[in-house]
Peer 1: 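Structure incoming, see below.
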Protein chains: 2
Amino acid sequence: MSTDYVTQKGQAFDRAAFESLLRRKVFLWQSFEPYGSVKGLFDYGPPLEQLESQVIQIWRDHFIRSEKMMALKCSMLTPYEVLKTSGHVDRFADYMCKDPKTGEILRSDHLIADVLEARLKSDKEARGEKVEEKEEDPKKKKKQSKAAKGAVKLDDAVRQEYEHVLAMLDDYTGEGMGELIKKYDIRNPSSGNEVEPPVSVNLMFQTQIGASSNSPAFLRPETAQGQFLSFQKLLEYSDGQLPFASASIGYSFRNELSPRAGLLRVREFLMAEIEHFVDPEGGKAHPKFHTVADVKLPLLDRNTQTSGSTKPTMVAIGEAVKTKLVDNETLGYFLVRIYQFMQKIGIDMNKLRFRQHMANEMAHYASDCWDCELLNSYGWTECVGCADRSAYDLSVHEKATGTVLRAREQLKNPETIEEWVPVIDKKKAGPKFKKDAKAIENALEALSQEMKEKLQITMESEGKAEVPVEEIAAGKVEIDTSIVKFEKQKKTITFREFVPNVIEPSFGIGRILYSLMEHSYWTRENDEARSVLSFSPVVAPIKVLVCPLQKDPKFAPLTAKLEEALDNKSISFKIDQTGVSIGKRYSRNDELGIPFGITIDYEALDDGSLTLRDRDSTKQVRASQAEIIKAVSRMVKGKETWADVVARLPAYEGQKETAE
Amino acid sequence: MSTDYVTQKGQAFDRAAFESLLRRKVFLWQSFEPYGSVKGLFDYGPPLEQLESQVIQIWRDHFIRSEKMMALKCSMLTPYEVLKTSGHVDRFADYMCKDPKTGEILRSDHLIADVLEARLKSDKEARGEKVEEKEEDPKKKKKQSKAAKGAVKLDDAVRQEYEHVLAMLDDYTGEGMGELIKKYDIRNPSSGNEVEPPVSVNLMFQTQIGASSNSPAFLRPETAQGQFLSFQKLLEYSDGQLPFASASIGYSFRNELSPRAGLLRVREFLMAEIEHFVDPEGGKAHPKFHTVADVKLPLLDRNTQTSGSTKPTMVAIGEAVKTKLVDNETLGYFLVRIYQFMQKIGIDMNKLRFRQHMANEMAHYASDCWDCELLNSYGWTECVGCADRSAYDLSVHEKATGTVLRAREQLKNPETIEEWVPVIDKKKAGPKFKKDAKAIENALEALSQEMKEKLQITMESEGKAEVPVEEIAAGKVEIDTSIVKFEKQKKTITFREFVPNVIEPSFGIGRILYSLMEHSYWTRENDEARSVLSFSPVVAPIKVLVCPLQKDPKFAPLTAKLEEALDNKSISFKIDQTGVSIGKRYSRNDELGIPFGITIDYEALDDGSLTLRDRDSTKQVRASQAEIIKAVSRMVKGKETWADVVARLPAYEGQKETAE
């Protein structure tokens with residue numbers, strides 16, 4: 001574990017204590033516990049489920065409503081063909097090695113890293129050097145392996161080779177890793193057995209749709225593909241005008257071979273993905289960029305990383321785009337909006353940076369990519385990827401299906417060109433196709449140039465051809481030369497047709513939630529047992545703890561009145577009527593992150609006034625129920641802070657808060 | 001299609017026109033259209049995605065927040081063993097028949113119904129009777145089959161037999177259906193081929209977790225199982241107190257063999273399921289039942305159905321529970337809360353009924369079950385099931401896993417009993433198990449009585465046994481007779497242990513949304529082309545249409561000011577600055593269900609006043625921006641109606657609304 005990772009109060013972060021809190025307050029647990037649990041699958045209990053729900057609501061408001069994005073919900077089950085085209089069938093894979101004797105399956109890169117790191121550690125011990133616990137990286141978490149026992153000194157040259165291999169591991173192919181395994185005699189640490197050569201294993205969950213086995217399908221690995229395939233609908237909805245963005249909040253799946261690092265690498269996860277479609281001509285300008293140009297972001301660019309530094313620089317985004325540090329306005333605009341979103345939900349902004357992808361990290365088609373990384377006790381963690389996917393996805397789907405996935409721009413100066421058009425003998429087509437004739441005509445016209453040419457060639461050689469027509473019951477139609485032929489004709493072009501480029505901010509909600517929980521965690525001074533989750537009032541799962549001072553029926557009417565008032569404002573609350581001290585009640589609910597406490601005490605019985613306690617400062621104010629409700633209501637909406645309330649309402653010092 | 005299904009204005013419902021609107025305004029479409037679409041999978045476009053989001057928010061507020069339910073999110077991927085125990089592996093299935101020549105797969109009950117109904121229709125035609133288009137039932141939607149062509153008269157006896165078979169079809173086993181197919185020579189209507197005998201096909205999507213094929217898993221068919229398996233956590237979170245309810249909003253999957261009826265029968269669907277855990281002793285009383293006892297519900301009970309009537313009676317729920325028409329208070333309470341939820345989201349309450357399950361419809365363990373059915377153009381459709389699942393699920397999981405899934409009640413009069421307890425030799429256990437000793441001790445104590453007895457028998461014969469211990473790294477421990485034995489000991493019981501019963505209201509969100517859209521649809525008088533979706537302001541996907549009168553830069557400052565004010569209130573809006581008439585702009589946005597329109601006209605340029613138009617009445621008021629925003633803000637929160645606003649603000653009659 002990282003030794004330098006600290007809480008927001010600068011305290012050493014104790015992950016064991018933190019995890020114990022999450023378990024105790026049922027934030028999350030591994031799924032199917034009574035059946036022995038399944039790695040990489042987690043259930044969220046009430047506090048985390050509600051935290052997620054609030055974070056999603058803020059995301060919807062911040063992006064979908066405020067930016068007028070087109071919300072989409074697409075299917076998780078995805079046919080084989082779609083993911084074959086997108087490249088996931090071939091490339092969404094990890095290499096694994098099998099231990100032939102135990103049947104154990106190991107991720108090849110993990111295996112090599114584990115063994116070489118263990119040997120380097122052992123070497124250090126043999127040399128009598130201090131062995132530092134390295135910052136834990138979710139990709140290369142160390143394992144206590146048998147090989148590490150009994151310190152063994154390495155040759156200097158070997159040591160250097162190992163270090164070089166570890167630094168470059170991400171660049172190795174399966175074959176390359178196979179050679180490493182042979183060369184360095186890397187074996188399964190838990191059995192000592194030799195392993196089989198690396199084999200590529202696809203990480204998608206496979207299933208089949210319907211009863212017939214010729215409809216193989218996968219659970220989608222990202223929500224993006226459904227959005228690309230909806231492009232025509234979205235373009236229609238936006239009256240043909242670009243730029244526009246779609247947004248989808250939904251689940252994706254990744255069949256990890258050996259899931260590690262808790263919520264940071266799971267098999268089933270919620271994503272929020274935006275696909276912003278933009279005309280590649282015009283430099284990908286964004287109409288609202290000027291409103292954010294002065295916002296400074298912590299940017300860690302490619303060159304800085306190459307120079308060996310990991311320290312980001314605060315740069316105004318306007319400047320960053322001007323100097324081409326960030327490729328274009330749209331990418332820059334989204335980096336700012338991501339930053340503002342993180343601020344809204346209560347991320348510790350000192351634990352956030354934007355890291356540019358190195359050239360070898362990016363997909364081959366991407367033109368620039370920045371990750372919003374959050375620091376947590378596992379290290380810097382990619383929580384939002386913000387990539388320019390260029391025209392790649394729309395182009396490959398268009399090519400695979402023949403469906404036009406393009407936008408148009410009206411030209412100021414029309415041009416004349418030659419293109420393939422269907423010439424239909426309507427006297428024959430009408431009687432033959434009857435009510436479908438119009439749909440078929442439209443379908444023929446909508447075909448791509450390539451498809452039209454291909455069909456003409458087919459018809460010239462075979463006299464007929466088959467064309468898919470979605471809009472009619474049969475789904476396809478056979479045409480022949482007596483009815484249709486495709487001709488090259490001159491045409492005046494008044495529109496420019498283009499494949500939009502896509503800027504894609506993609507949020508991993510689980511990773512953000514996990515980081516948010518770590519960022520919110522600290523312990524009270526002089527009392528480590530009193531831990532607190534300082535969730536911002538806008539995201540806190542429960543907003544108010546209601547505490548009648550005693551188990552005394554006298555308090556019932558005021559309690560009921562307060563409940564009704566909170567219900568009327570749709571403010572979630574919890575009542576704690578147990579006999580223990582107010583201090584103890586507050587203390588144990590601080591662990592749930594409830595930001596406010598309202599106490600009904602004997603003074604309340606006299607004048608109806610209530611006390612309102614702030615979780616973080618433990619300070620209190622006293623006022624009428626109406627005033628208290630108003631203050632809470634404004635704070636949970638983010639319209640007022642505790643400082644505002646303290647300035648407005650009289651302080652209360654009556655009850656001394658102890659954990660007794 | 002039903003000929004008697006009408007819109008809320010009493011107009012004949014035109015499903016083709018309605019579906020055309022949904023397509024035109026991109027509410028939904030079959031997924032993966034460029035790849036030829038997949039049946040039973042749908043994508044939601046912006047209007048429907050946002051409608052769903054708002055309905056879910058209301059659901060969360062109405063149930064989770066207001067009833068203080070424990071929100072849960074459980075995994076969709078579910079190991080084989082869990083669904084084997086729950087009964088889904090064996091019983092979640094349909095019978096299908098294969099056409100051996102074409103490979104086509106047909107649901108056996110659909111096949112029989114299609115063919116016999118076609119013959120009956122043909123018989124009627126042959127007799128010269130008028131053939132009525134029967135109300136379409138999603139389960140038995142008719143197909144235009146070849147067999148129907150050329151009218152053939154049947155013997156009276158045969159006709160009666162067919163009618164009897166159709167009425168009883170749900171009661172036939174696979175074998176029974178096989179006999180029917182043989183007896184009546186039922187063939188595949190689309191090929192005329194004989195079909196193979198019915199085979200049971202499981203309806204779950206199967207996959208595997210991890211790389212090894214010995215981890216078979218399914219996509220869950222309901223969200224309930226994850227909630228049952230979380231029971232211990234929930235009990236802990238509620239400090240051991242019953243009753244409590246968990247609630248989960250999540251996706252489930254059903255691999256339909258031949259999906260039909262659009263959104264009503266899909267393969268991937270959002271559910272909102274509540275599991276209310278209650279002590280079976282004490283008649284399943286509900287603490288808040290008295291608050292709803294007077295609410296009258298349209299109940300269609302079992303006896304009424306047996307008598308042949310389908311007309312519900314309005315009965316006060318207090319009366320219904322008293323007379324045992326509805327089994328218990330908790331079930332009754334939920335029926336009322338479901339009714340109120342439907343009212344809130346804008347369901348046409350004349351198209352809602354609660355239908356009690358017939359004895360043969362219920363799961364064998366259920367003690368009572370009522371469906372909330374909504375009437376739409378497909379007929380009465382189950383949208384919420386409200387079942388008493390008794391102690392079935394917790395009991396079977398406890399039995400299968402040995403994990404105690406029970407609650408406790410403190411006894412007023414303690415009793416003495418005999419039970420199996422682990423006797424541990426701590427001097428040996430300590431050194432052997434080291435830091436795990438305590439966890440192992442707890443695990444041994446937590447085992448069920450049956451498991452303890454079984455372990456003792458195993459140890460007596462083999463000297464040792466293996467026990468699963470979740471809490472330790474190895475996940476299990478081997479114990480032997482030198483360290484542990486299980487003895488029968490006398491014990492004073494101060495608690496009563498019991499398996500809670502579960503009342504389960506289960507909402508099919510897609511079906512509710514579809515019915516809501518149909519209930520909201522109507523056309524303007526004297527102009528069928530002007531259709532409207534009258535979504536209630538609280539659920540409408542977009543709340544306001546902003547219309548500057550002309551494409552005139554003069555309107556820009558006021559438009560910007562209005563946009564800012566709406567943004568500040570988080571009210572979603574759309575701007576229509578096209579040059580067409582205001583009437584036309586309103587008219588085309590009525591189809592999106594936008595409840596309010598704000599026009600910025602020349603008068604606005606003078607005095608800043610705006611007009612506010614109500615979609616349903618097309619009436620307008622005129623007031624300052626602040627007043628208009630306040631009115632809209634209150635209406636979209638459900639705190640004010642248009643009638644309230646009209647009473648408060650001056651009417652405006654200036655612009656005449658025409659569709660041009």
Side-chain angles (χ1 to χ4, degrees), chain A residues 26 29 31-38 41-46 49-50 52-53 60-61 65-66 70-79 81-82 96 103 105 201 205-207 209-212 219 226 229-230 233 236-237 251 253 255 257 267-268 397 401 403 405 468 470 475 567 570 572, chain B residues 26 29 31-38 41-46 49-50 52-53 60-61 65-66 70-79 81-82 96 103 105 201 205-207 209-212 219 226 229-230 233 236-237 251 253 255 257 267-268 397 401 403 405 468 470 475 567 570 572:
Chain A
V26 300
W29 56 88
S31 303
F32 311 111
E33 231 178 61
Y35 285 83
S37 303
V38 177
L41 293 179
F42 291 90
D43 288 355
Y44 289 10
E49 200 276 352
Q50 299 203 66
E52 181 186 80
S53 162
R60 291 189 73 95
D61 192 70
R65 187 197 56 75
S66 169
M70 300 183 199
L72 272 187
K73 167 167 131 165
C74 302
S75 292
M76 292 177 263
L77 289 160
T78 305
E81 295 75 21
V82 174
M96 65 150 203
I105 282 158
V201 177
F205 286 95
Q206 188 163 1
T207 187
I209 296 173
S212 141
L219 293 173
L229 295 180
S230 308
K233 311 275 180 191
E236 200 180 313
Y237 192 68
Y251 289 87
F253 301 81
N255 200 357
L257 300 179
R267 286 171 158 152
E268 178 179 317
H397 286 302
T401 63
T403 306
L405 296 172
E470 270 315 307
D567 268 334
S570 286
S572 62
Chain B
V26 300
W29 56 88
S31 304
F32 312 110
E33 231 178 59
Y35 285 83
S37 303
V38 177
L41 293 179
F42 291 89
D43 288 356
Y44 289 9
E49 200 276 353
Q50 299 204 66
E52 181 187 80
S53 163
R60 290 188 73 95
D61 191 71
R65 188 199 55 75
S66 169
M70 300 183 199
L72 272 186
K73 166 167 133 165
C74 302
S75 293
M76 291 177 263
L77 288 160
T78 305
E81 296 75 20
V82 173
M96 64 151 203
I105 282 158
V201 177
F205 286 95
Q206 188 163 0
T207 187
I209 296 173
S212 140
L219 294 173
L229 295 179
S230 308
K233 311 276 180 191
E236 201 180 313
Y237 192 69
Y251 288 88
F253 300 82
N255 200 358
L257 301 179
R267 285 171 160 154
E268 178 180 318
H397 286 301
T401 64
T403 306
L405 296 172
E470 271 315 305
D567 267 334
S570 286
S572 62

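We use all heavy atoms of the structure for the numbers below, so side chains are in, but hydrogens, waters and symmetry mates are not. The model shown is predicted, which means the values in this text are computed figures rather than measured ones. In what follows, every chain begins at residue 1, and chains take the letters A, B, ... in the order their sequences are listed.
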Peer 1: Which heavy atom of B/E236 sits nearest to which heavy atom of A/V26, and what is that distance?
Peer 2: OE2-CG1, 4.5 Å
Peer 1: Please identify each residue that fulfils salt bridge (Lys or Arg N to Asp or Glu O under 4.0 Å) with B/R65, with sequence neighbours left out.
Peer 2: A/D567, B/D61
Peer 1: With rounding to the nearest 0.5 Å, note down the distance linking CZ in B/F32 to SG in A/C74.
Peer 2: 7.5 Å
Peer 1: What's the separation between atom CD in A/E33 and atom CG in B/L229, rounded to the nearest 0.5 Å?
Peer 2: 10.0 Å
Peer 1: Measure the spacing between OH of A/Y251 and CD of B/E268 and express it to the nearest 0.5 Å.
Peer 2: 12.5 Å
Peer 1: So B/F205 and A/L77, side chain to side chain contact (heavy atoms under 4.5 Å, CB included) or not? Walk me through it.
Peer 2: CA-CA 10 Å; B/F205 286 95; A/L77 289 160; 3.5 Å; yes
Peer 1: With chain A, which of B/V82, B/T403, B/V201, B/L405 has the greatest number of heavy-atom pairs at distances under 4.5 Å?
Peer 2: B/V82
Peer 1: Quick check on the interface: out of B/M70, B/M96, B/M76, who has the most heavy-atom pairs with chain A under 4.5 Å?
Peer 2: B/M76
Peer 1: Search all heavy atoms of A/G210 against all heavy atoms of B/R267 and return the closest pair with its distance.
Peer 2: CA-NH2, 3.5 Å
Peer 1: Taking the side chain as every heavy atom from C-beta outward, state whether A/P79 and B/Y35 have any pair of such atoms under 4.5 Å apart.
Peer 2: no
Peer 1: Enter the distance from A/L41:CG to B/I209:CD1 here, rounded to the nearest 0.5 Å.
Peer 2: 5.0 Å
Peer 1: Can you tell which of A/V38, A/T401, A/L219, A/I105 has the highest number of heavy-atom pairs within less than 4.5 Å of chain B?
Peer 2: A/T401
Peer 1: Working to the nearest 0.5 Å, report the span between NZ of B/K73 and CD of A/Q50.
Peer 2: 13.5 Å
Peer 1: Any ion pair linking A/R60 and B/E49 (charged N to carboxylate O, less than 4.0 Å)?
Peer 2: yes
Peer 1: Which answer fits A/L257, side chain, backbone, both or neither, if we ask what part of it has an atom under 4.5 Å from a heavy atom of chain B?
Peer 2: side chain
Peer 1: Less than 4.5 Å to any heavy atom of chain A: does that hold for the side chain of B/F42, its backbone, both, or neither?
Peer 2: backbone
Peer 1: Can you check whether A/S230's main-chain N or O pairs, donor with acceptor, with B/D43's side chain at less than 3.5 Å?
Peer 2: no
Peer 1: Check for a donor-acceptor pair, side chain of A/T207 on one end and backbone N or O of B/T207 on the other, with a separation under 3.5 Å.
Peer 2: no
Peer 1: Give, as side chain, backbone, both or neither, the part of A/P34 having an atom under 4.5 angstrom from any heavy atom of chain B.
Peer 2: both
